[in-house]
Structure formats: C-alpha cells, structure tokens
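Okay, structure first, notes after.
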Amino acid sequence: MILTQEQQDMLDGKYGEGTAIAMKIQVAIGESFDAKRMVPITRAHVALSNQEADLWFAEKLLNAGAKCRVAPTVNPGFCHSYFTERDMVAPEFADLMQRTHDAYKGLGAVLSYNCTPYIDTNVPQYGEVIAFSESSATPYVNSVWGARSNREGANSALCAAITGFVPEYGLLFDENRHGDILVEVQADMKTDYDYHILGMLGKKIGNGIPVFTGLPKHISKEAHRNLGAQLNTSGAYAMYHILGVTPEAPTLEVAFGGKEPKRKVVITNEDMEAILKEISLEGNREIDFAMFGCPHFTLEEVRFIAERVEGKKLKKEMWILTSSHVKEMAVRMGLDEIISEAGGQIVPDTCPDQPCWRHLNGKIGITESPKCAYYPQRRGIHFVIRDLETCINAALTGEVK
Amino acid sequence: MEKRVFKCHKISEGVAEAEVLISKDDIMFYLIDPETGTVIEPAHDLEGKSMAQKILVFPSGKGSSVVQADGLYQLMQKGNAPKAMIIQHPETVLVSSAIIMEIPMVDKVDPEFYEVVKSGDRVRVDADNGVVEIL
C-alpha cells in the first residue's frame, strides 16, 4: 500500500502510540486485501460488546493515548443504572460495564449504546465512505442507504475511527458491489419476522452478494434490519440487493453488473420451515420469558406490543430492548406506562448477550429474532423462535403451541 | 511424488507448525468451549472436535466480530486457540481478529493443497514467506 505522508506519520508514531497501533492493524488488513491506498471516512460505528476481548483492546488503545478523529456511535452493553439498581448483575460485571463506558468515553466515542445506528443515530448518505461494524448495520448502510463500508469488525472499526482512514478495498469499489447470487424467494413473505427467517438461510444462499427477487415492493426498515442481522448470523454478508427496492438494483442487469449470477438459489416455504426447526427449540411448552429487540426495536414495534398488551396482565416477563431515544419517546407517549402496567419492561442501551441476564440462565425464552436465540446459548439461555404476535401471546398465556 | 510445498498469501504474519484439522463449515469461535477448544455448535462439521493447538483449515468465518474476537480471545487465554489458520474466503471480521490476536493466517493457497491434505497431517504455515508445507 502507498501511504500519504500523514498516514505514514501515524504509522511511525508521530501521532502517538495508540494511533500507530491502530494504523499498523489497518495496514495489515489492507495488505490482506491487496488495497493500494487508504481513504478517509466520515462516519464509524463500533460494535462494542462489553466483553473481555473488546475491553482489552479498547483499554490497550486508550492507554496508548489513542483518540477518535471520527467519533463513532457504539453498540449497547447493558444499562448500568437499570441493572445495578435492581441488583440483577454481579458486581464484577457491573464494573466491567463501567470500565467499558470509561474506555469508550476516554476514546471520544458517541455513547449511543444502540445497535441500529442506520435507523436513527448515525445515518449515512448515498456514496458516503464509512466504517461500520455490527451485523445488522453493515448490510443496511450498504444495501439500503447505498453508503460504502466493508464488513468491519468492532476492532477494525475502532481503528478506523481513531485514524480516520480505511484501506480502499472490497465494497468501496463499484465493481465489488454487484450481486453474484440470484436468490428467488418463492416463500411467502408477509411480516418483518419472515425476513429474520430468510436471513438465516445463509448456508443455502452461500458466499457472495445475494440479489433477492420475488419480494414485495414495500419493505419496512424493520424487515431490512432483520434480514441483515440474520444474514450475518448464518453467514458473513456485507451487502445484498433487492430487485426494484434497494438503490443499486433497479434492474437485474444493474444489480449483477451486466454479468451472469455465479449461482442461483430458490427459497421455498419448506426451506423457511426447515431452518426454523433447526434453530428454534420445539414449541408446545411453557415459556419463562419473552425477549424482543435484537436488534433494537423501533418505536413502531413498541407501539405494536403496547396495543396488544394494553389493559391485560402478562403471565411471564417481557423484555423489550431499545435505544435510549425510543425508550424516551415511549415514556413521553405513554407507551412505556401501558407496557409496564401489563408487566413488561422496556430497557434502553442493552443487548441480550450480556451478563445482566443471569437470572435467565437455564430458562426458556421466546423471541422473534434468531440472533437473540443464537448467541445467548453460550450463557445457558435457550429460546423458542416464533413470529411477534405468537411471542406476545405466549407472554400473555405463559405457553407456546 | 505428491507435491508437498504450496504457495499462499499472507493475511496475518507469523510461522506455526502443528497437526491439521479440516472443517467444511465456516467457523464462529464463540460456540467453542474455551476450556478444551471443542466445538459445541450443533450440526457443525467439527462438532465435538477440538481445535486447540491445531492448524485450522476452513472456508471462512461467520457471525459477528464481537463473537469472533471474544471467542478467539477466550481460547487464547486458556491456551486452546488454533496455532494458525488457512482460509479460502477472507472477510474483514475474521481477518482483523487474527491480526489483532496475532495468530498466523493465510489464504489463496494453491488449490492442489486441498486435494492432498488430510486432517491429522502435520503442516507448517509460514505466512511471512507465503508458504504452506505438508511435513
């Protein structure tokens, strides 16, 4: 790679050791992908996780004097005040979250604690070159907004935020943004939940950039969010196209860059049912709790739930994870009160894969999000996966068919 | 005489020599028991097998960067991480995890390697010089 004088100075330590470490890592990444140069970014999103590797890396950079030139938004850990006030988290983990907060604050990050920056907290323009990590974020900013970001890791995105540059490779180039897999969706796609399930078919879709056909003309932001989140749970996808919907796919010709797809895949209702069976616990049982908001639920989804639980009493715990913005709006609009009257809780700034959920260890939850069901397995928490209405009913009745 | 030395392309620097473990499925390091390096992911090609101290040969990574980095970190803390990785489809999350955790990683290995190598073979990966050798 050919570096500018400024970039070379960063690598040589003229801007401090922290910046030098970040630049060294980025140069190694760039050389892996045969990048010729580095280019500036205008936005970044760091998928901090409040887990050991993440904190180790953030503190390493902070202690070496690093500061973010481009202030990134960040993913949620858990809401320190909420969980410590209710004594739901062990002191050592409360400390971990405090350390995470302090490290990212010290680095100069925007402490948004929200995994859906592409919806409200950090929205890019078409063509903007950015460094976005977080499973649901990279596909969304590329596919829906037409911005340009490689599938950054939380760690590489943090390096980019510190140096203000990324190596120029991959999705920063027009020719790499074309689709190469034609995915004909014959399955019925009626709700946002159906996009969760479609996204879990990464193994069948295979490696590459899918171009989906057969989908409805109007697809909600929640559906796009769900699709991206699960594509990156069942595989590794930085971009997709939806014919006639996403900005770089007005026609198949444009979506495929004039080339033939290297693979064609058909998705049927049977595929959707089969993958659900593989990832979900069996139904026909009592459940202990419901959890929504992986990725963070929108205000519309909070309202959807409020409408269905108003005046009723939930039999089981219901946790709704949102950004602090959505929580605040829900409070102002009276939705939060409706939900808490029913026995549910809207919790801001929090992720399901966190140690604040220790009381759920060994319990059975219900969720509409396969990602919510997937990672917490390691914490001994298992889920039945069903569409949102069924989940809400399960929380009301205590069981799922 | 079978070819034993193959060209490759460096992703993460370093040299390592160990027994090979081959996976047909993409790997996500989180659903692995750090105490033993054993894959606990249901229905995975390596389910029940340990990657500790092995040269891991696999197509690509999957899952979020959070889990890839933390999974590898936990394995390293316990001394059960793979000693090197040989992959087919580099993607940034996997690549940056290997670079930051300082585990040698290569890709673009001469396709003949995949016809010859078997799990259990002893292999030397020299990322710095772009060479993979079956010993």
Side-chain angles (χ1 to χ4, degrees), chain A residues 21 24-29 31-34 46-57 60 75 115 131 133-136 138 149-159 166-167 169-171 202-203 207-208 229 231-238 278-279 351 353 371 374-375 377-378, chain B residues 8-14 24-34 40-45 59-78 81 85 87-102 104-108 127-128 130:
Chain A
I21 295 169
K24 180 174 182 211
I25 291 165
Q26 288 192 289
V27 168
I29 293 170
E31 287 182 343
S32 300
F33 293 103
D34 296 323
V46 174
L48 72 72
S49 62
N50 187 41
Q51 293 185 49
E52 284 176 53
D54 178 64
L55 183 61
W56 163 76
F57 190 59
K60 177 178 177 177
N75 258 15
C115 51
S133 55
E134 155 57 28
S135 301
S136 68
T138 317
S149 174
N150 283 310
R151 187 175 173 265
E152 302 287 348
N155 38 35
S156 64
L158 181 56
C159 292
V166 285
Y169 71 95
L171 295 178
K203 204 164 173 178
N207 221 281
L231 282 172
N232 277 315
T233 303
S234 68
Y237 296 90
E278 203 179 301
I279 59 179
C351 168
D353 189 20
K371 184 177 180 184
Y374 192 64
Y375 297 116
Q377 282 177 84
R378 214 171 95 135
Chain B
C8 65
H9 168 250
K10 174 184 86 171
I11 289 189
S12 175
E13 64 191 8
K24 286 197 230 75
D25 291 336
D26 294 337
I27 294 186
M28 199 263 285
F29 291 98
Y30 206 56
L31 292 181
I32 297 178
D33 178 8
I40 58 176
E41 187 179 339
H44 194 277
D45 191 34
S60 190
K62 62 173 180 175
S64 75
S65 66
V66 162
V67 298
Q68 291 291 52
D70 198 71
L72 260 183
Y73 180 84
Q74 300 291 347
L75 284 165
M76 289 198 74
Q77 296 296 96
K78 300 285 178 185
M85 301 192 247
I87 66 170
Q88 286 170 291
H89 306 288
E91 49 89 15
T92 315
V93 163
L94 181 63
V95 158
S96 53
S97 300
I99 290 168
I100 287 166
M101 298 298 158
E102 296 175 14
M105 177 185 271
V106 299
D107 72 330
K108 298 198 181 97
D128 305 332

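Note on naming: letters A, B, ... go to the chains in the order of the sequence lines (proteins, then strands), and numbering restarts at 1 for each one. What you see is a predicted model, and the numbers here were worked out from it, not measured in a lab.
Of the atoms belonging to A/N207, it is side-chain heavy atoms, and not backbone ones, that fall under 4.5 Å from chain B. Residue B/M105: no heavy atom, backbone or side chain, is found under 4.5 Å from chain A. Interface remark: A/T138 contributes no atoms to any contact with chain B (heavy atom separation under 4.5 Å). Contacts between A/D353 and chain B at a heavy-atom distance below 4.5 Å involve the side chain alone, from C-beta outward. Using a 4.5 Å cut-off between heavy atoms, B/E13 touches chain A through its side chain atoms alone. Contacts of B/D33 with chain A are absent, with no heavy-atom separation under 4.5 Å from either backbone or side chain. With a threshold of 4.5 angstrom between heavy atoms, B/I27 does not approach chain A through any atom at all. There is no contact between B/P59 and chain A, counting heavy-atom distances below 4.5 Å. Both the backbone and the side chain of A/Q51 come within less than 4.5 Å of a heavy atom of chain B. Heavy atoms of B/M28 lying under 4.5 Å from chain A belong exclusively to its side chain.
To the nearest 0.5 angstrom, B/K62 atom NZ is 13.5 Å from A/L231 atom CG. With rounding to the nearest 0.5 Å, the separation of OG1 in B/T92 from CZ in A/R151 is 8.0 Å. Going from atom CH2 of A/W56 over to atom CD of B/Q77 covers 9.0 Å, rounded to the nearest 0.5 Å.
By the 4.5 Å heavy-atom criterion applied to side chains, B/V95 and A/F33 are counted as neighbours.
Scanning all heavy atoms of the two residues, the minimum distance from A/A236 to B/G61 falls at CB-O, 3.7 Å. Contact between B/V66 and A/A47 at its shortest, heavy atoms only, is CG2-O, 3.3 Å. Between A/K203 and B/A43, the closest heavy-atom pair is NZ-O, 4.5 Å.
Per-residue counts of heavy-atom pairs under 4.5 Å with chain A were compared for B/M101, B/Q74, B/M76, B/K108; the largest is that of B/Q74. Of all the listed residues (A/A28, A/G202, A/G170), the one sharing the greatest number of non-hydrogen pairs under 4.5 Å with chain B is A/A28.
For the residue pair B/E91/A/Y237, the side-chain donor-acceptor check at 3.5 Å is not satisfied.
Between A/N155 and the choices B/V93, B/I99, B/I100, the side chain to side chain contact (heavy atoms under 4.5 Å, CB included) rule is met once, by B/I100.
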